[in-house]
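In what follows, every heavy atom counts, from backbone to side chain, and hydrogens, waters and symmetry copies are set aside. Counting from 1, the numbers follow the sequence of the chain as shown.
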Amino acid sequence: MARIELNPAFEAIRGSIGGLVIKRYGNKLVLSQKPVFRNRKFSKAQKKNQEAFGEATRYANNLLRDPEQRKPFEKLAAQSGRTVRGLMIAEYMRANPAK
């Protein structure tokens, strides 16, 4: 995995190019190989976790639409340096762990 520094004009770059993926972790930009999921078999636990994460994502998307429910998360996000959506998903996953 390579870390790269770009000209400020390219700060918003993300996505994939050929077999490479450009990701952002905080303020770091990372270049890695695109994952291959062909013929991948997920375990029951992985499937349950994926379902729980999908529910958490739907929960966060609903909260993001409501300014009143969003306010406490915005305050916490400003203090912690995390994203509002990420905090909402984390809250849901803590309250509803995949079993």
Give, for atom [atom1] of [X] and atom [atom2] of [Y], the distance between the pair rounded to the nearest 0.5 Å.
X   : Y   : atom1 : atom2 : value
K23 : S16 : NZ    : OG    : 11.5 Å
Q33 : L20 : CD    : CG    : 7.5 Å
N61 : M88 : CG    : CE    : 9.5 Å

Does some side-chain heavy atom of L63 sit less than 4.5 Å from a side-chain heavy atom of R85?
-> no

Do F53 and T57 touch side chain to side chain, with heavy atoms closer than 4.5 Å?
-> yes

Can you tell me if CD on Q79 sees more than 12 non-hydrogen neighbours from other groups inside 6.0 Å?
-> yes

Is the number of heavy atoms from other residues, nucleotides or ligands under 6.0 Å of F42 CZ greater than 12?
-> yes

Extract all donor-acceptor atom pairs below 3.5 Å that involve side chains of residues 67-74 and protein atoms in other chains or at least two apart in sequence.
from: E68; atom 1: OE2; to: K71; atom 2: NZ; distance (Å): 3.4
from: R70; atom 1: NE; to: E74; atom 2: OE2; distance (Å): 2.6
from: R70; atom 1: NH1; to: L64; atom 2: O; distance (Å): 3.4

Which heavy-atom pair separates V84 from A77 by the least distance, and what is that distance?
-> CG2-CB, 3.8 Å

For the student: nearest non-hydrogen atoms of Q46 and K41, plus distance | OE1-O, 4.2 Å

side-chain hydrogen bond (donor to acceptor under 3.5 Å, both in side chains) partners for R65, two or more places apart | N62

Same cluster for V21 and V36 if Ile/Leu/Val/Met/Phe/Trp/Tyr side chains link at under 4.5 Å?
-> no

Under 3.5 Å, which donor-acceptor pairs do the side chains of residues 90-98 form with other protein atoms, sequence neighbours left out?
from: E91; atom 1: OE1; to: Y59; atom 2: OH; distance (Å): 2.4
from: Y92; atom 1: OH; to: E55; atom 2: OE1; distance (Å): 3.1
from: N96; atom 1: ND2; to: Y92; atom 2: O; distance (Å): 3.3

